Amino acid sequence: MPLFLFNTLTRKTEEFRPMDPSGRTVTMYCCGPTVYDSAHIGNFRAFVSQDLLRRRLEAHGWEVRHVMNITDVEDKIIRAIHASGEPLETFTRRHEKAFLDDFDALGCRRPAVMPRATEHIAEILALVKRLEDRGAAYATPDGSVYFSIERFPGYGKLSRLDRAQLKPGARVNADEHAREAYGDFALWKAWSARDGVVAWESPWGRGRPGWHIECSCMSMKHLGETLDLHCGGEDLVFPHHEDEIAQSEAATGRPFVRFWVHNAHLLVNGQKMSKSAGNFFTARDLFARGYTGRELRYVLLSAHYRLPLNFTLEGLDAARQALARLDAWEARLGAAAGAAALPAPGGALWKEFGAALDDDLNISAALGALFEALRASNRSLDEGQTTAAEAARALSDWLAVREALGLPAPPLAEAPSDVEALARERQTARAVKDWKRSDALRAEIAKRGWAVKDATDGFRLTRQP
RNA sequence: GGCGGGUUAGCCAAGUGGUAAGGCAGGGCUCUGCAAAAGCCCCAUCGACGGUUCGAUUCCGUCACCCGCCUCCA
């Protein structure tokens, strides 16, 4: 069954196939974090949807060569270390580590390569030189190098912005350097006093890379001159990705990216979540409130990636409930399957779920199929109509779905021994119909953070959120 | 101003030219010592106004409101 994806370049939903002649490998580049602060959950919406895409690509049998850059030299970073006096590398590695901790907590699989900009200065300089040699870029007297959009006829094809419309405005900084045209952007920035010790030698003097060049450089280095997929938030369409196309294609003369995949923003109170607006949550903020990575992941995943998603704590609570239902179902299926061997996934659920995701990652339809399957299965279990083999088949489908969603296994229902003992004591009390004592024990168990639920064959303990 | 997206039940959210998936919340019921879990049932006519059509939420037009991008941004 083919996979269809919306391609920002063509503004159409197209069938995706890797360009690899053997049809086995997919190249995927994702714009990664700038490591200067804790990423907020809006940032993570991008990484979670990219992870969902990657898992779907893998479900199709393709090997995904996934690269995500780490931007570790940039204005905000320089400003921060200037204030703290910390060395660049110490500062950025600390934030990179924090980022990856959150990345892992959200169930995102690590990209195969996570190149850092500062470790590719030589390659960046080579690319800038190549662009200068080809006449696509020019150096200014102060030692900066700019890309000339005039000399790249395709400029604007991704964002569909008219070059003639690129006029200096409120958000265009007064030009500190001598650019030839307003749309021109820096490939290499000459050193200025604000940069302090952050500088590298170059043929044009001391300086540092511009923002866009690292992605062109590192993606092509690790994945080749033409990529299958390039992902990022929709705010990167212009100028970042437009500029990447210009730089890369001017240098190689080849198409840079086949499919551009952009996700919409996370909103808070209907407004874009952003650092500058101050209306953001970090993953840590939510963990501190007792929410888990899988709950947050579920929320971030629960709306189609190209539509804005309004984030609320109520949404997180809804995710918690939905997950609890799924976890309970998984436990039931496991018990019903017993020792029956798990077949390969391939039942109606797995097929319908996959078909929905193949339609440009239609997560809502996919989740719809999941909960319909859940209800039908629970009903059958209630009626005692499910054989061990059927339960195993359903469980196999569900585990495959869970993996496709990247949801970690339910938290272990292994209660501490004191809680376990209280529950046993309560069971004894119930056997002699000592309801008062039974209820007191339940309250005590609850006090210790667990909920006890009676079943015909004993009791079950679940962690109380 | 240019470009793009949105408006479906209390909240979140699919979808289709023939009378609207799913999740959360809410109500009723079954089960249960109670509770929980699970199951069953109930809960919308799809922003407004026109048009096309046997029939539109779904197509076309106009309007309203919201959001994003137009060189910090996932």
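Since this is a predicted model, take the numbers as computed values, not measurements. Labels below follow one simple rule: chain letters A, B, ... track the order of the sequence lines, proteins then strands, and each chain is numbered from 1.
For A/N43 against B/C73, a side-chain-to-base donor-acceptor contact under 3.5 Å is absent. A donor-acceptor contact under 3.5 Å links the side chain of A/R442 to the base of B/C34. With hydrogens and angles ignored, no donor-acceptor pair closer than 3.5 Å exists between the side chain of A/R332 and the base of B/G39. A donor N or O paired with an acceptor N or O is found under 3.5 Å between the base of B/C73 and the side-chain atoms of A/K272.
Applying the 5.5 angstrom centroid cut-off and the 30 degree plane-angle cut-off, the aromatic ring of A/F371 is not stacked upon the base of B/G22.
The backbone N or O of A/W435 lies less than 3.5 Å from no partner atom in the side chain of A/R430, so there is not a single donor-acceptor pair. Side-chain N or O atoms of A/D228 include none that pairs as donor or acceptor with a backbone N or O of A/M28 at under 3.5 Å. Remark: side-chain polar atoms of A/N43 are paired, donor with acceptor, to backbone N or O of A/H40 under 3.5 angstrom.
Residues satisfying the salt bridge (charged side-chain N to carboxylate O under 4.0 Å, His left out) criterion with A/R45, sequence neighbours excluded, are absent altogether.
Checked for salt-bridge contact, A/K97 and A/D101 meet the test: a charged N lies under 4.0 Å from a carboxylate O. Looking at A/D51 and A/R109, no side-chain N of the basic residue comes within less than 4.0 Å of a carboxylate O on the acidic one, giving no salt bridge. Salt bridge annotation for A/K76-A/D37: absent, with no cationic side-chain nitrogen under 4.0 angstrom from a carboxylate oxygen.
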query = Could you walk me through whether A/T13 and A/D360 pass the side-chain hydrogen bond (donor to acceptor under 3.5 Å, both in side chains) check?
reply = CA-CA 7 Å; A/T13 300; A/D360 194 32; 4.8 Å; no
task = Check step by step if side-chain contact (heavy atoms from CB on, under 4.5 Å) holds for A/N310 and A/T312.
result = CA-CA 7 Å; A/N310 196 36; A/T312 60; 4.3 Å; yes
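In this structure, A/K453 places its NZ atom 10 Å from P of B/A36, rounding to the nearest Å. Regarding A/L158, its CG atom lies at a distance of 13 Å from the P atom of B/C70, rounded to whole Å. Between A/Q427 atom CD and B/A36 atom P the separation is 20 Å, expressed in whole Å. Between the CG atom of A/D359 and the C1' atom of B/A21 there is a distance of 14 Å, rounded to whole Å.
B/C43 and B/C54 have their C1' atoms separated by 32 Å, with the value rounded to a whole Å. Nucleotides B/A74 and B/C60 are separated by 36 Å at their C1' atoms, to the nearest Å. B/U57 and B/A13 are spaced 15 Å apart, taking the C1' atom of each and rounding to whole Å. With both ends at atom P, the span from B/U19 to B/U30 equals 35 Å, rounded to whole Å. The P atoms of B/G33 and B/C24 are separated by 27 Å, rounded to the nearest whole Å. Comparing the P positions of B/C11 and B/A48 gives an interatomic distance of 15 Å, to the nearest angstrom. Spacing between B/U62 and B/G5 at atom P, rounded to whole Å, works out to 16 Å. Rounded to a whole angstrom, the distance from the P atom of B/U8 to that of B/G47 is 6 Å.
At the heavy-atom level, A/N378 lies under 4.0 Å from the strands shown only through sugar-phosphate atoms. Nucleic acid contact class of A/R426 (heavy atoms, under 4.0 Å, all strands): base.
Across all strands shown, B/U45 remains unpaired; no Watson-Crick or G-U wobble contact has both distances below 3.5 Å. Base-pair partner of B/C69: B/G2 (Watson-Crick or G-U wobble, both distances under 3.5 Å). The base-pairing partner of B/C29, taking Watson-Crick or G-U wobble contacts with both distances under 3.5 Å, is B/G39. The partner of B/U7 is B/A64, judged by Watson-Crick or G-U wobble contacts that both fall below 3.5 Å. Nucleotide B/U57: unpaired (no Watson-Crick or G-U wobble partner with both distances less than 3.5 Å).
For B/C66, neither phosphate oxygen OP1 nor OP2 lies less than 4.0 angstrom from any side-chain nitrogen or oxygen of A/Q271. Residue A/Q321 places at least one side-chain N or O closer than 4.0 Å to OP1 or OP2 of B/A25. The shortest distance between the side-chain N/O atoms of A/W329 and the OP1/OP2 oxygens of B/A37 is not below 4.0 Å. Using a 4.0 Å cut-off, some side-chain N or O of A/R379 falls inside it from OP1 or OP2 of B/C40. A close approach under 4.0 Å does not occur between any side-chain nitrogen or oxygen of A/R325 and OP1 or OP2 of B/G22. Within the structure, a side-chain polar atom (N or O) of A/R375 is placed less than 4.0 Å from OP1 or OP2 of B/G22.
In terms of position along RNA chain B, the nucleotide closest to A/A318 lies nearer the 5' end than the nucleotide closest to the other residue of the pair A/A318 and A/V452. Nucleotides of RNA chain B nearest to A/L236 and A/E383 differ in position, and the one nearer the 5' end is that of A/E383.
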request  = Sugar-phosphate means primed atoms, P, OP1 and OP2; the rest is base. With that split, encode nucleotides 5-14 of chain B 5' to 3' as B, S or - using protein heavy atoms under 4.0 Å.
outcome  = -S------SS
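Comparing B/C69, B/C34, B/C72 by their nearest atom to the side chain of A/S276 picks out B/C72.
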